[in-house]
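Working notes, beginning with the structure itself.
Only this structure's heavy atoms are used, side chains among them; waters, hydrogens and symmetry mates stay out. Note that the numbering runs from 1 along the sequence shown for the chain. Quantities reported herein were computed from a predicted structural model and do not represent experimental measurements.
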Amino acid sequence: MLEQYECIAQMIDDQAKCNPLSFDNETLVMLEERLRRSIGETVILRYWNDGFEVQLECRVEYIDDRTQTVIVSKQAEVLNIEFKNIYEIL
C-alpha cells in the first residue's frame, strides 16, 4: 500500500514539472543588467529548479561571472542560482 502512495506522489510531481523557457540574447542581456543593478537589494527571483518554477524573495549578494551563478541570501541562508535558470526579476 505504501508503494502505491509513493508511486502516485511521484506521478503528481512528474506532472507538475514543466520545461524551462528559452530566451533570445537581448532578453538575457536585459536580465543580466537588471541583476547587476540589484546587487545589494532585495528582489523576487523567479527561476527553474529541477523542472519546477521557484519564486524566492532574497537579497542579491554577488554575481560570479566565471561560474555564471548568482549568489543570493535569504536570512541566514546563502544560495547559488545558475543565471541560465532565472527568467524574471521583480
Side-chain angles (χ1 to χ4, degrees):
M1 192 68 140
L2 181 60
E3 292 174 5
Q4 288 177 331
Y5 287 117
E6 290 174 358
C7 183
I8 290 171
Q10 182 62 44
M11 290 185 338
I12 291 170
D13 279 349
D14 290 344
Q15 287 178 347
K17 288 184 177 182
C18 45
N19 295 325
L21 302 171
S22 59
F23 295 114
D24 60 4
N25 199 30
E26 183 178 332
T27 304
L28 290 173
V29 168
M30 288 173 43
L31 279 171
E32 182 180 1
E33 288 174 356
R34 172 73 171 105
L35 268 174
R36 290 194 184 280
R37 286 192 310 265
S38 300
I39 292 175
E41 296 179 7
T42 300
V43 297
I44 297 174
L45 286 183
R46 296 184 70 194
Y47 64 97
W48 299 99
N49 185 12
D50 195 26
F52 295 98
E53 292 183 69
V54 178
Q55 182 170 309
L56 176 68
E57 184 174 349
C58 59
R59 178 182 167 99
V60 178
E61 299 294 342
Y62 179 73
I63 299 173
D64 188 343
D65 294 323
R66 187 179 51 81
T67 61
Q68 296 184 347
T69 57
V70 179
I71 292 85
V72 299
S73 63
K74 179 166 178 78
Q75 296 171 350
E77 186 177 3
V78 176
L79 301 167
N80 296 331
I81 302 170
E82 290 186 45
F83 176 73
K84 67 180 182 180
N85 294 332
I86 298 172
Y87 64 92
E88 189 173 20
I89 304 154
L90 305 171

By salt bridge (Lys or Arg N to Asp or Glu O under 4.0 Å) - contacts of Glu33 (at least two apart): none
Side chain proximity check, Glu82 to Asn85, heavy atoms < 4.5 angstrom: yes
Interatomic spacing from CG in Leu35 to CE in Met30 - rounded to 0.5 Å: 12.5 Å
Min side-chain heavy-atom separation Ile63-Phe83 under 4.5 Å: no
Same cluster (ILVMFWY, side-chain, under 4.5 Å), Tyr87 and Val54: yes
Distance-minimising heavy-atom pair for Glu53 and Trp48: CG-CZ3, 3.2 Å
Common cluster, Val78/Val60, ILVMFWY with side-chain heavy-atom separation under 4.5 Å: no
Ion pair check, Arg59 and Glu61, cut-off under 4.0 Å: yes
Common cluster, Val29/Leu31, ILVMFWY with side-chain heavy-atom separation under 4.5 Å: no
Which donor-acceptor pairs under 3.5 Å do side chains of residues 64-71 form with protein atoms, sequence neighbours excluded?
residue	atom	partner	partner atom	Å
Asp64	OD1	Arg66	N	3.1
Asp64	OD2	Thr67	OG1	3.2
Asp65	OD1	Arg36	NH2	2.4
Thr67	OG1	Thr69	OG1	2.9

Evaluation steps, side-chain contact (heavy atoms from CB on, under 4.5 Å), between Ile44 and Gln55: CA-CA 7 Å; Ile44 297 174; Gln55 182 170 309; 3.4 Å; yes
By salt bridge (Lys or Arg N to Asp or Glu O under 4.0 Å) - contacts of Glu57 (at least two apart): none
Whether over 12 other heavy atoms sit under 6.0 Å from Glu26 CD: no
Closest approach of Lys74 to Leu56 (non-hydrogen atoms, all atoms of both residues): CD-CD1, 3.4 Å
Criterion side chain to side chain contact (heavy atoms under 4.5 Å, CB included) against Leu45, the qualifying member of Val72, Leu90, Leu79: Val72
Value rounded to 0.5 Å, distance of CD in Glu32 from CZ in Arg37: 11.0 Å
